[in-house]
Amino acid sequence: MSVLDEFVLDGKTAIVTGGSRGIGRALAKALAEAGADVCVANRNTEAARTAAREIADATGVETAGVSVDVTEEADVERLVGETVDRLGGIDVLVNNAGIARTAPAHEMSLETWNEVLRTNLTGVFLCTKHAGGWMVENDGGTVINMASMSAFVANYPQQEVVYHASKGGVVSFTRQLASEWAEHGVRANAIAPGYIRTEMIDELLAENPDMEEAWLSEMLVEKMAPPEDLGGTVVYLASDASSYMTGETVVIDGGYTVR
Ligand code: NDP
């Protein structure tokens, strides 16, 4: 058996929240290329179905596109039921859905604070509870949470304390979950990207285009990476290649946090 065989996901099924575009879309495609059947899950039904169909056409695996709001527990329960019915089970959960909002802390509304925490943190909890819970009751699996380098460093010049609080929470949640679920055969790890070129970043830059230069000046690899640059890591974390790794967060940020 070659080391590359350890990365193969044939016979596995993955849910990717926020899989319709950006990072989630690239992760869903990478998992499919490695052989996993994939459920793409986000709020916009048409976008989820289109992404699922395009990934199936490109890779030949089974896919499903399901509409879900990760902040709504009933939605998440339905997502789990549909995935199991249509794709036969759940082995990998990628908690990727997330949003960013900027405002100085002393001007941020409670509504904005709650919106970000509900999506980035409560959503991770709800999907873990139900999709991860299914793994606990069946044959185990892996949970992969989308954190951010914002869990470890201050960002500049944008002001977004709630985003940082949410991603710091994701890292801590991941560590504790790994500890609690090891006995159930479920591993939990997180990915902490730096700046990845997606709609989320385009929206931030629309507020203040000068930010790009400030960001690039802090990176050792002076570019914003495409979402596809995270594909190898998600396949690694989803597969047997990472079977001895749990509770960790992998930082992929072009060296932004190094100095
Ligand atoms: P995008 O805005 O491009 O995509 C976000 C995805 O999440 C969409 O598919 C969206 O679909 C879905 N989504 C948003 N809210 C919900 C919700 N309540 N329920 C279900 N789905 C939802 O973002 P990115 O691809 O840039 O980011 C993906 C993740 O990566 C986020 O967690 C983000 O914080 C993180 N990240 C991003 C970085 C970057 O530089 N881009 C850096 C570090 C971390 P829909 O609107 O249809 O629901």
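Counting starts at 1 for both ligands and their atoms, in listed order. Heads up: numbering here begins at 1 and tracks the sequence.
Nearest to atom 26 (O) of ligand 1 among the protein's heavy atoms is Thr198 OG1, 2.5 Å. Nearest protein heavy-atom contact of atom 37 (C) of ligand 1 is Ile23 CD1, 3.5 Å. Looking at atom 3 (O) of ligand 1, its nearest protein heavy atom turns out to be Arg21 NE, 3.3 Å. Nearest non-hydrogen protein atom to atom 43 (C) of ligand 1 is Pro193 O, 3.4 Å. For atom 27 (O) of ligand 1, the closest heavy atom belonging to the protein is Met200 CE, 3.9 Å. Nearest protein neighbour of atom 34 (O) of ligand 1, counting heavy atoms only, is Tyr163 OH, 2.6 Å. The protein non-hydrogen atom at the shortest distance from atom 22 (C) of ligand 1 is Ala97 CB, 3.6 Å. The nearest protein atom to atom 32 (O) of ligand 1, hydrogens excluded, is given as Asn96 O, 2.8 Å; this is a heavy-atom distance.
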Worked verdict on Leu79 versus Cys39 for side-chain contact (heavy atoms from CB on, under 4.5 Å)
CA-CA 9 Å; Leu79 164 68; Cys39 178; 3.8 Å; yes
Step by step, would you call Val234 with Ile144 a side-chain contact (heavy atoms from CB on, under 4.5 Å)?
CA-CA 8 Å; Val234 82; Ile144 302 165; 3.9 Å; yes
Evaluate the criterion side-chain contact (heavy atoms from CB on, under 4.5 Å) for residue pair Leu177 and Glu180; output intermediate values, then yes/no.
CA-CA 5 Å; Leu177 186 75; Glu180 295 183 16; 5.6 Å; no
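Considering backbone and side-chain N/O atoms, Gly18 comes within less than 3.5 Å of an N/O atom of ligand 1. Where the criterion is an N or O separation shorter than 3.5 Å, residue side chain and backbone included, Ala147 fails it with respect to ligand 1. Taking distance alone, with nitrogen or oxygen atoms compared against 3.5 Å, Met146 stays at or beyond that limit from ligand 1. Checked against a 3.5 angstrom limit, the closest N/O atoms of Tyr195 and ligand 1 fall outside it. Remark: ligand 1 and Ile201 share no N or O pair separated by less than 3.5 Å (distance only, no angle test). Checking only distances, Arg43 does come within under 3.5 Å of ligand 1, N or O to N or O. Looking at Ser20 next to ligand 1, an N or O pair under 3.5 Å apart turns up.
Listed by number with element, the atoms of ligand 1 under 4.0 angstrom from any heavy atom of Gly98 are 5 (C), 7 (O), 31 (C), 32 (O). Each of the atoms 19 (N), 20 (C) of ligand 1 lies under 4.0 Å from some heavy atom of Val68. Counting the atoms of ligand 1 from 1 in the order shown, those under 4.0 Å from a heavy atom of Asn44 are 47 (O). Near Glu199, with a cut-off below 4.0 Å to any heavy atom, the atoms of ligand 1 are 3 (O).
Residue contacts with ligand 1, taken as heavy atom pairs separated by less than 4.0 Å, involve Lys167 solely via side-chain atoms from C-beta onward. For Asn42, heavy-atom contacts with ligand 1 shorter than 4.0 Å involve the backbone as well as the side chain.
Judged purely by distance below 3.5 Å, without hydrogens or angles, the side chains of Thr17 and Asn96 never pair a donor atom with an acceptor atom. At a cut-off of 3.5 Å, with distance as the only test, no side-chain donor of Asn44 or Ser67 sits close to an acceptor on the other residue. Side-chain atoms of Thr102 and Glu207 form a donor-acceptor pair, as typed in the model, at a separation below 3.5 Å. With no hydrogens or angles considered, a side-chain donor-acceptor pair links Gln158 and Trp215 at under 3.5 Å. Side-chain contact annotation: Glu137 with His184, donor-acceptor N/O pair under 3.5 Å absent. In this model, no donor atom of one side chain and acceptor atom of the other lie less than 3.5 Å apart for Thr63 and Arg53. Side-chain atoms of Asn155 and Ser150 form a donor-acceptor pair, as typed in the model, at a separation below 3.5 Å.
The distance from the CZ atom of Arg25 to the OG1 atom of Thr50 is 8.5 Å, given to the nearest 0.5 Å.
When all heavy atoms of Ala192 and Thr249 are compared, the pair lying nearest together is CB-CG2, 3.6 Å. What you find for Leu216 and Glu222 is that their closest heavy atoms are O-CG, 3.4 Å.
None of Leu31, Leu87, Leu93 except one satisfies the side chain to side chain contact (heavy atoms under 4.5 Å, CB included) rule with Thr13; the exception is Leu87.
Proximity of Arg118 to ligand 1 is not established, as no heavy-atom distance is less than 4.0 Å. At least one heavy atom of Asp69 sits less than 4.0 Å from an atom of ligand 1. Taking a 4.0 Å cut-off on heavy atoms, Ala48 fails to register as neighbouring ligand 1. Ligand 1 lies less than 4.0 angstrom from a heavy atom belonging to Gly194.
Considering only heavy atoms from C-beta on, Asp5 stays 4.5 Å or farther from Asp240 through its side chain.
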